[in-house]
Amino acid sequence: MTPASEPDETVAAAAARAEPAAAARVLVVDDDRTTRSMVAAVLRRDGLQVVEAPDGAQALQEVRRERPDLILMDVLMPGMDGHTACARIRAELADEALPIVMLTAVDDLESIETAFDAGATDFITKPIHWALLRERVRYALRGGRLARELRRARLRELAVRRIAGLGYWEWRLDTDSLSWSEEFAATGGIQARHEVPREAFLERVHEEDRQRLRAGLEAARESAGRLDAEFRIRFNQTERILRVVGERGREGDDAALVFGVFQDLTSQRRTEALVDYLALHDEITDLPNRRLFLRHVAQAIEQDGEGIWVVTADIQRFGRLNETLGERAANQLLRLLGQRLRQMAEAGTILQAARIDGDTFAWAQRMPPGQGVQPALEAVLHTLQQPLSVAGQTLRVVFSAGCAARPVHGIDAEALLQQALQAQRRARALGLPWSVAELETADVRERQRQLQLEQALHGALERGEFALHYQPQLDFASGRIVGCEALLRWHPPGLGPVPPVQFIGLLEESGQIVEVGAWALREAARQAAAWERAGLPLRVGINLSPRQFLNPQLPRHIEQALQASGVTPARLELEITESLTMHDVEHAIALLRRFRALGVSVALDDFGVGHSSLAYVLQFPIDALKIDRAFVTHVTRGRTDRAIVRAIVALAQALGVETIAEGVENQRQCDFLEALGVTQAQGYLIGRPMPAAALQELATQYRRAG
């Protein structure tokens, strides 16, 4: 093989002026070692990566391994020559964008022609002119990059058209026929570029849309405007929804065309219809939800509002049924009740039915003039309360119902529903099957209820009416219950269990929260010590209220709780909210450091919804951040909530503290949170707040399972 001529001194200067092609890989194939080395040296001087091969067979292996951006290959080599290697590379890679430059003798025109037939893109003659080589390489690399970018753009365009259901169409005015791009074959059943007479095409269009589309086409023919139409078309005994946009050409051959783009909107319109349906219907019973029910009642009032009653009814002891039978069976029960209500609505016994919340159903009835509400209401309740077969068991549910009539108890749908719900709650409290709304306002009744609770709270601690329930916290890494949150419960005689939201604020306002909070600290520490002695070292968190946090006696209360119980201080965790610390940041930081000096843990509760400055948070001596349920609820659907959780986790990792997600109610949320780096989870999925004995049993089960 004829060796290349020596590169002269100007090559280095030319290389210095050359445009760099960083990271580009060049495969040099030549059986002459001296030529390969000289070419490689020149190219490396320009910042290129160079791989060498002595023959076509080795070149093929290097191509498979390195995937170069350019190949420089000698034509005449022993064994597999350059022509054969070029053809094999083209066939194997199917990459037309890869430049292959052949090295050949000046007078070997036949070899050059054969090289182009094999797939070469350029050639360089020997002896090699080094400056020309460098320019040809730069040109070939640039051409290869442009070809690859063009191919990627073409593939992206095809993908976008496929994903969006887009295609092109044109209407030839001289033949009055339409043709379409290939995307239409899957939508309308017409082959790509196959001309179809306009009227034959319109025969496939839904009869309700046909005349409107015909008029739009005619307007576009007369250049009267832009065609923009949505229509339904029949294809394979199904119906598709298309949108076409187009206009008439202006000049030359285009003047005889109306052309544009079409989009298949079938899936989009079906999804929109489903979203609209789900927004107005209950997913378990398929009944209308509260919003749609109010709309139906309002329509009934507009038609004839006299004699319309709104009834609400909830299932007595449904929570016990749910816990005993399980969620699946409870949902089956709700579906069966929904079917009965739907059948009564279809039969005209009631006007409309709905599931408005949890186990609460609602319906509207038109009472006949002169007839009391009792017979009609009890007839519906009697039907609903007939035995049902659920999960292999025969169940008979009992309802508590309330009803309100227009215009006696309200004149619009919302007022009637609220009055019926109030009557329903009164029926439940009094143990009645149903109750009619009273004329007194809900505000008056609520004030009476608040006064009753305030009176009952006095002396409740001394009478032993308070208790702590514990909600478990699961550690993702170990799969064990490692802690819990202590939650205050109140069971006053004669009033039944009172939700915390109804009495915590009253304790805070009256100042009793300090005394009750001190008791809660002692009880939580005592229980943590009992678990510790039983070989179950659980961390117990206790919430501090604003008045309790600001009480100067709080450190002493904590010390007394630790000393009386003998618990390891780290087993007691104080939970404070962001907003609680912001009244006096410096005092809060000093107080938290004092707590930490006692050995207890500190968690920042409801993190993310308060008003704290990040600069202050970084100064707080804390052991855990509790992510508020507001971000957990939609973490599987809301991109913003996931971003916030991810940011909180990153902050916690930077601070070296744990993250505890509150309000985890399903496995999907749990999986998302674990994937985002959250360390612990708390919520109904792990367990509801429960007595100490139940929590101990649950934690033991997790330890055995682990």
Side-chain angles (χ1 to χ4, degrees), residues 94-97 143 146-280:
D95 183 2
E96 298 178 358
L146 291 174
R148 284 190 292 273
E149 290 172 3
L150 180 61
R151 185 177 61 180
R152 283 195 296 268
R154 185 167 61 250
L155 291 175
R156 282 195 296 267
E157 177 192 347
L158 291 174
V160 168
R161 286 165 54 184
R162 184 179 64 255
I163 294 170
L166 288 170
Y168 302 103
W169 67 276
E170 66 179 34
W171 173 27
R172 295 194 60 83
L173 302 180
D174 53 354
T175 61
D176 198 22
S177 58
L178 292 95
S179 60
W180 307 75
S181 59
E182 59 188 13
E183 292 84 2
F184 194 70
T187 300
I190 298 177
Q191 297 178 1
R193 299 177 180 83
H194 179 68
E195 293 191 2
V196 176
R198 179 177 53 140
E199 288 303 318
F201 169 74
L202 288 173
E203 284 299 317
R204 299 190 182 198
V205 175
H206 195 285
E207 54 270 15
E208 295 179 3
D209 303 334
R210 191 176 301 151
Q211 186 55 39
R212 178 167 45 83
L213 179 58
R214 181 183 285 112
L217 289 170
E218 289 299 329
R221 180 209 290 270
E222 302 300 327
S223 299
R226 182 169 178 261
L227 171 65
D228 190 342
E230 187 173 314
F231 59 91
R232 291 161 290 177
I233 187 170
R234 295 187 306 276
F235 173 52
N236 285 347
Q237 298 181 344
T238 63
E239 187 175 88
R240 312 292 296 179
I241 302 174
L242 298 185
R243 181 190 178 196
V244 294
V245 178
E247 61 182 20
R248 183 167 178 175
R250 304 300 181 192
E251 297 179 0
D253 294 338
D254 286 347
L257 294 175
V258 175
F259 57 88
V261 64
F262 73 87
Q263 183 177 17
D264 185 355
L265 299 178
T266 309
S267 297
Q268 179 180 332
R269 292 292 181 259
R270 287 174 179 168
T271 301
E272 290 171 355
L274 179 60
V275 169
D276 291 342
Y277 183 85
L278 293 176
L280 295 172

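Please read all numbers here as calculations on a predicted model, not as lab measurements. Just so it is clear, the values below take in all heavy atoms, side chains as well, and ignore hydrogens, waters and symmetry mates.
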To the closest 0.5 Å, what do you measure between [atom1] ([X]) and [atom2] ([Y])?
X	Y	atom1	atom2	value
L178	L217	CG	CG	6.5 Å
R210	F231	CZ	CZ	11.5 Å
L213	R198	CG	CZ	9.5 Å
L242	E230	CG	CD	9.0 Å
E203	I233	CD	CD1	11.5 Å
E222	R248	CD	CZ	7.5 Å

Looking only at the aromatic ring of each residue, does the gap between the centers of W180 and F262 stay below 6.0 angstrom? yes
Do you know the tightest heavy-atom contact between S177 and E195? OG-OE1, 3.0 Å
Salt bridge (Lys or Arg N to Asp or Glu O under 4.0 Å) for R243 and D228? Distances and angles first, verdict last. CA-CA 7 Å; R243 181 190 178 196; D228 190 342; 2.7 Å; yes
Side chains of [X] and [Y], heavy atoms from C-beta outward: is any pair under 4.5 Å?
X	Y	answer
E170	V258	no
L257	L173	no
L227	V245	no
D176	R221	yes

Test side-chain contact (heavy atoms from CB on, under 4.5 Å) on R240 and R232 and set out the steps. CA-CA 6 Å; R240 312 292 296 179; R232 291 161 290 177; over 6 Å; no
Checking salt bridge (Lys or Arg N to Asp or Glu O under 4.0 Å) for the pair E199/R214: CA distance, chi angles, key distance, verdict? CA-CA 9 Å; E199 288 303 318; R214 181 183 285 112; 3.0 Å; yes
